[in-house]
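First comes the structure, then the notes that go with it.
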Amino acid sequence: DGGITQSPKYLFRKEGQNVTLSCEQNLNHDAMYWYRQDPGQGLRLIYYSQIVNDFQKGDIAEGYSVSREKKESFPLTVTSAQKNPTAFYLCASNLFDRGREPQHFGDGTRLSIL
Amino acid sequence: QKEVEQNSGPLSVPEGAIASLNCTYSDRGSQSFFWYRQYSGKSPELIMFIYSNGDKEDGRFTAQLNKASQYVSLLIRDSQPSDSATYLCAAGLSNYGGATNKLIFGTGTLLAVQP
């Protein structure tokens, strides 16, 4: 089945450690996104990519990094510079049509600090 | 700063009633609008999208758009306890001179349908 796969479902980070969240899609979507959601809050955009080998910062990019080497993959690294990483991380993707295409979401990764 | 605003709720309705969820947006150039449902602890799932002024119906759901008032709403008829969730409104950013696929999300309205 086509879809967006995020892994792992739960992740724990130690002090000073970088961790990488995986996002893979087999929908042949052009654009991919990473959002952060804190309890009781909306979605905040971390990074997005509209084409392979190109990505843009969102509203809260500090302490995060991404790569887009393949169309189907958009991993997010939470670096040790992100001092408050505990949150629900959501990956989304859509076809590129100037904002007219809905974004579809993976099941998310919950990140906590040990 | 482009924004989408929603009342956080909770909006409590009895089973079988019509639930009305509202959203306003600040980007006058936005052309596309989306409603997502998010159950507690889960990821958002798309319910409906609307591009044109007026109403769009899909089963028990009706999306309404008024671009002059910059207002979007979602009506849920015959509300069921299984509709209890947070409903997120999102607007596509306008594309003055550029191309973007980004959406701006509201913080969501919590709907509680009472049996």
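Scope of the values below: all heavy atoms of this structure, side chains included, with no hydrogens, waters or symmetry mates. Quick note on labels: first sequence line is chain A, next is B, and so on, each numbered from 1.
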Checklist entry - Counting only N and O atoms by type, is there a donor-acceptor contact under 3.5 Å from the side chain of Glu72(A) to the main-chain atoms of Asn26(A)? => result no
Item to check | CD1 (Ile113(A)) with more than 12 external heavy atoms under 6.0 Å | outcome: yes
Item to check | Arg36(A) and Asp38(A) ion-paired at < 4.0 Å | outcome: yes
Checklist entry - Is it the side chain or the backbone of Gln37(A) that comes within 4.5 Å of chain B heavy atoms, both, or neither? => result side chain
Checklist outcome for this item: Given the options Ile4(A), Asn94(A), Leu90(A), Gln103(A) meets side chain to side chain contact (heavy atoms under 4.5 Å, CB included) only with Asn94(A)
Checklist outcome for this item: Honestly, the part of Arg110(A) sitting under 4.5 Å from a heavy atom of chain B is side chain
Checklist entry - Could you name the residues of residues 6-18 of chain B that have a heavy atom within less than 4.5 Å of a heavy atom in chain A? => result none
Next on the checklist: Is it true that, when you exclude Asp107(A) itself, more than 12 heavy atoms of the residues, nucleotides or ligands shown sit nearer than 6.0 Å to its CG?
Outcome noted: no
Checklist entry - When you check the gap from the basic side-chain N to the acidic O, do Asp30(A) and Lys71(A) get nearer than 4.0 Å? => result yes
Checklist entry - Going by an N to O cut-off under 4.0 Å, is there a salt bridge joining Glu57(B) and Arg77(B)? => result yes
